[in-house]
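Read the structure below first, then the notes.
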Amino acid sequence: EFSRVKATTGLIKVGNTNKRGTKVSFIPDEQIFGEYAKLDPEKIKEELDLRAYINAGLEIEFNCGKEKVVFKHENGIEDYLQVLNSNPLCDMVGFEFEDIIEMEVEGKKEKATNIYQVVFNYSNTLGENIKSFVNGIITIKGTHEQGFKIGLTTAITDYIKKNNLIPKKLKGIEIKGEDVREGIYA
């Protein structure tokens, strides 16, 4: 246990178990957090639900007083996309890939695997609704989102040109990224 940044007890062995998981209890100390010590349970539940979406199959239990809520989404961000876009114009497109990176840590070569997952579909709404996450944290207009936009625009415009999908009367019209992403949910 900890109190005001210091351990109040050492590690305590409580026995063997077949259970798995981690239990975290947190009560903010007003001497440390001041006015921020008052937590908003609704905001915490929102964040926990988002974490459950980002980590498919993860079960998170929230207990606050007599309230108990369990967050778990077997299909992860696919489920999240269905919540964001409840009236899609098309089926969901999704893919996942891995990238193995070699790096040097403390003079030793190590490998790390990055996993990327992308899902998107379109709606009949104006604008774009794109959310990106890195290590479980939402990014706002970051390089990952920009990379997705560039890749999607390139793939779709290349496909249109290669398959001659622009009608003759519209030849010369340039398809831009905004056109490709109009109504997208990703």
Side-chain angles (χ1 to χ4, degrees), residues 22 24 26 36 39-62 64 69-103 110-167 169-186:
T22 303
V24 177
F26 178 74
Y36 300 106
L39 299 177
D40 181 353
E42 293 306 312
K43 194 166 195 84
I44 293 170
K45 287 190 290 188
E46 223 175 84
E47 285 297 318
L48 294 175
D49 196 24
L50 186 57
R51 297 292 168 260
Y53 278 118
I54 296 168
N55 299 282
L58 175 66
E59 183 173 303
I60 301 172
E61 186 178 299
F62 173 79
C64 184
V69 182
V70 176
F71 302 102
K72 185 174 183 177
H73 305 288
E74 288 298 334
N75 299 310
I77 63 172
E78 292 177 16
D79 292 343
Y80 188 48
L81 184 62
Q82 288 177 348
V83 169
L84 293 176
N85 185 8
S86 60
N87 194 20
L89 289 175
C90 60
D91 290 337
M92 183 182 313
V93 175
F95 56 91
E96 182 175 303
F97 60 95
E98 292 182 2
D99 182 23
I100 299 174
I101 299 173
E102 289 189 19
M103 63 183 128
E110 293 189 13
K111 291 183 181 182
T113 303
N114 292 321
I115 300 171
Y116 305 90
Q117 186 178 13
V118 177
V119 294
F120 66 94
N121 61 15
Y122 287 87
S123 72
N124 204 14
T125 60
L126 297 176
E128 59 187 55
N129 188 341
I130 298 174
K131 298 185 183 297
S132 66
F133 302 87
V134 177
N135 298 330
I137 306 298
I138 195 164
T139 62
I140 309 297
K141 308 284 183 208
T143 55
H144 295 85
E145 184 176 322
Q146 190 64 29
F148 169 73
K149 289 178 178 182
I150 292 167
L152 179 68
T153 301
T154 302
I156 290 177
T157 55
D158 285 355
Y159 181 83
I160 289 170
K161 289 174 188 172
K162 181 180 175 184
N163 292 286
N164 232 0
L165 297 176
I166 298 177
K169 65 180 179 181
L170 297 178
K171 290 288 183 197
I173 290 181
E174 182 183 348
I175 297 173
K176 298 183 175 150
E178 298 85 36
D179 303 320
V180 169
R181 295 187 308 270
E182 190 71 37
I184 194 168
Y185 277 78

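The pair Glu47-Lys43 does not meet the salt-bridge criterion, since no charged nitrogen lies less than 4.0 angstrom from a carboxylate oxygen.
Residues satisfying the side chain to side chain contact (heavy atoms under 4.5 Å, CB included) criterion with Glu42, sequence neighbours excluded, are Asp40, Lys45. Looking at residues two or more places apart in sequence or on another chain, you find a side chain to side chain contact (heavy atoms under 4.5 Å, CB included) between Asp158 and Thr154. Residues satisfying the side chain to side chain contact (heavy atoms under 4.5 Å, CB included) criterion with Glu61, sequence neighbours excluded, are Asn63, Lys68, Val70. Take Ile77 and apply the side chain to side chain contact (heavy atoms under 4.5 Å, CB included) test, not counting sequence neighbours, and it matches Gln117, Val119.
The side-chain contact (heavy atoms from CB on, under 4.5 Å) with His73 is formed by just one residue from the set Asp49, Val83, Leu58, Leu50; it is Asp49.
In this structure, CD1 in Ile60 is found 12.0 Å from OH in Tyr53, a value given to the nearest 0.5 Å. For the atom pair Cys64 SG and Ile44 CD1, the distance stands at 7.0 Å (nearest 0.5 Å).
Between Tyr80 and Ile54 the shortest side-chain heavy-atom distance does not fall below 4.5 Å. Inter-residue side-chain proximity for Lys131 and Asn129 is flagged as met; some heavy-atom pair is nearer than 4.5 Å.
Nearest approach of Glu74 to Ala56, heavy atoms of both residues: O-CB, 3.5 Å. Closest of all the heavy-atom pairs between Gly57 and Lys72 is O-CE, 3.2 Å.
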Using residues 84-101 as the side-chain source, report each donor-acceptor pair under 3.5 Å to any protein atom, sequence neighbours left out, with the distance given to one decimal.
residue: Asn85; atom: OD1; partner: Asn87; partner atom: N; Å: 3.4
residue: Asn85; atom: ND2; partner: Asn121; partner atom: OD1; Å: 2.8
residue: Asn85; atom: ND2; partner: Tyr122; partner atom: O; Å: 3.4

Atom pairs and distances, donor-acceptor, side-chain atoms in residues 171-186, under 3.5 Å, two or more places apart:
residue: Lys171; atom: NZ; partner: Asn164; partner atom: OD1; Å: 3.2
residue: Lys171; atom: NZ; partner: Ile166; partner atom: O; Å: 3.4
residue: Asp179; atom: OD2; partner: Lys176; partner atom: N; Å: 2.8
residue: Arg181; atom: NE; partner: Glu128; partner atom: OE1; Å: 2.8
residue: Arg181; atom: NH1; partner: Thr153; partner atom: OG1; Å: 3.3
residue: Arg181; atom: NH1; partner: Gly177; partner atom: O; Å: 3.4
residue: Glu182; atom: OE2; partner: Gly127; partner atom: N; Å: 2.6

